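Okay, structure first, notes after.
We count residues from 1, following the sequence as given. First listed ligand is number 1; within each ligand, the first listed atom is number 1. Predicted model, so just to flag it, every value in this text is computed and none were measured.
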Amino acid sequence: MSGTPAEEIADLAAQLAHHDRAYHERDAPEISDAEYDALRRRYAALVAEHPEAGDPAGGVGAAPASGFAKVRHGVPMLSLDNAFAPEDFDEFCARIRRFLGLGPEPLAFVAEPKIDGLSISLTYEDGVLVRGATRGDGAEGEDVTANIRTLKSLPERLVAPFPARIEIRGEVFMSKADFLAMNAAQEAAGEKTFANPRNAAAGSLRQLDATITAKRPLSLFAYAQGEASEPVAATHWDYLARLRDWGFTVNPLSERLADGAEAAGFQARIGAERAALPYDIDGVVYKLDDLALQRRLGFVGRAPRWAIAWKFPAEQATTVLEGIDIQVGRTGALTPVARLTPVNVGGVLVRNATLHNEDEIARKGVRIGDTVTLQRAGDVIPQIVGVVESQPRGPEPYVFPDHCPVCGSLAIRPQGEVVKRCTGGLTCAAQVEERLIHFVSRGAFDIEGLGEKTIREFHAERIIASPADIFRNLPPLEAEIAVREGWGALSARNLVAAIAARRAVPLARFIFALGIRRIGEANAKLLARHYGSFANWRTQMLAAVTIGSEARSDLGAILGIGPAIAEELAEFFAEPRNVEALDSLAEQLQIADAPAAAGGGLSGKIVVFTGTLETMTRPEAKAMAETLGARVTDSVSKKTDIVVVGADAGSKARKAAELGVRTMTEAEWRELAAEAAGSG
Ligand code: 9MJ
């Protein structure tokens, strides 16, 4: 092996590049996947240990902890909205009809049992599998190509004819029988066992050594599409048929329903069969069959408007309420959490359950010492349903505290709200800690190696007291961490490198990371897109503190923000300590301006629709404009770029004319949008 670490790194990078070409370009790997992974791991370890030598193979710094390279999904991998009752499903259908402006004509759906596994994306080029990736956060997953190749139910090559490039999505899972057998074998061998088939499937797929994955009994059902070089079907049902032709396994229980009215019957049938099925399902996914309509419907946030997961009723159990702990959230919300005698609910051991808020406890009449009914639906936090009256009762009603259990500040409950909040703000250790945890979380700064547990530890020991502390004085921080138990020089260096790598941050992530109440990822994006730069956002927010200011009404007029959220932002900026914390944090960072929205032609344009539209509903028109990068607002001002004037338009059209804002008809708008879509 070569001499200095830098030489060894360069040598390994060259070897990796060679094997990457053999694998991806010539389809003729010269070493096994396990040998390749070993090379990658050796390389990653050396790069982490000697950051001064650089990362010539690239990408390793992105994922040192997991060992998997990150992969951006060309089309985001979506999650699904849930339905729990027939009314939820009916509302879903009604929403589709409203959005598309449809009458009572039948709407066909495809119903698929919802497998509780792990979503993956499979890319085929010229019919050959070139990449497998996990869903990750939907935008970015992990490259698990080597692992996914070991699945028997996965075609390495598609059966012709197929498009030049296509991405197929599906669920990797483990059958109940395979899960039980594998756990028994693991236990006999003194190895780790898994809590349920879902965890077993995820743990087996995400193995750094793909030869381990190969020994695990994983299965795959294909059910969705990502990017494709050409359209392959006009309906989802036909798409499933294509999947079968190409060699995939499609769930044989999937059915085409001529109308949504048939969903309840399907739900009941599958529910009755559920226990006897060879794999775990937690509901049924209903997808609108017509793909052209799917495209028109698009997404809200991370979920498509054209699909819904109708979950089965929750599993229930009874146990004793041993106590009620009050948790303090990052915005000061006091949440009562039930401490329970541990009990098994549908295969999961439950020790805690949410009691939501003060009113819920009173409404259910729950007392400490009561026997309670507990339920768990899907991945949601278990809930207390009510008291088992026939069992001995707790001695006295529960009194909700009126002070924060952590900092002792008064807890108040504004009129009309259900949540009591600690008024301690940044003086409350619990709020500060929760804000820090939010700050480093996935959609925010996402710092590798700085998760919830580490933050709690560092905060408790005053190593990190504010977000700015994370980035300030990294060398002393590294020295301090290096000598901590369980750390050491290498992990300290890795952590500091991971922190440094996050100094450059997009504006939307920065805004989201602040943890301002009601500013989730979607709203943070809206704000970033609207204000463009950190400096502009900061100036405008400070101006928006004044009720009635132009900045305040501009903020409230952003589509999707509105006056209530505007007030939340104004409240945050009205507190000088928040602005101080914000500024000292910003000093440590390079906050990138929000990119002009994807979609080309209409990026950053402000559009107003007025009057009655003939060929689309208002929600569809808005969604269409936003997809193309435009912002849609409700009122016309001199900042408005385009006013689309429908039938019987009134004052807004007049105002546009007065201000000299460009107006167009609906037909002209469609033409412009089509052009913009083409240019994107
Ligand atoms: C599962 N988990 O079985 C989808 N899924 O489609 C099925 N998940 C899905 N479809 C779009 N059958 C997003 C997720």
By ring-ring contact (aromatic ring centres under 6.0 Å, His included) - contacts of His530 (at least two apart) = none
What I want to know is whether [X] and ligand 1 share at least one N or O pair that is separated by under 3.5 angstrom.
X      : answer
Tyr223 : yes
Ile115 : yes
Lys287 : yes

Test of ring centre spacing under 6.0 Å for Trp310 and Phe89 | yes
Could Arg149 and Glu156 be called an ion pair, given the rule that one side-chain N must be under 4.0 Å from one carboxylate O?
-> yes
Are the charged groups of Arg256 and Asp289 less than 4.0 angstrom apart, N to O?
-> yes
Let me check something: any side-chain donor-acceptor pairs from residues 99-111 under 3.5 Å, sequence neighbours excluded? List them with distances.
{"from": "Glu105", "atom 1": "OE1", "to": "Gly103", "atom 2": "N", "distance (Å)": "3.1"}

Side chain, backbone, both or neither: Lys114 near ligand 1, heavy atoms under 4.0 Å =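 Looking at Lys114 and ligand 1, atoms from backbone and side chain both fall under 4.0 Å.
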By number and element, which atoms of ligand 1 are closer than 4.0 Å to a non-hydrogen atom of Glu112?
-> 7 (C), 10 (N), 12 (N)
Residue and atom name of the nearest protein heavy atom (relative to atom 13 (C) of ligand 1), distance in Å to one decimal = Leu80 CD2, 3.8 Å
Nearest atoms (heavy-atom pairs only) where Leu374 meets Val343 | CD2-CG1, 3.5 Å
Touching ligand 1 at all, Pro113? Heavy atoms, strictly under 4.0 Å?
->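 Heavy atoms of Pro113 do come under 4.0 Å of ligand 1.
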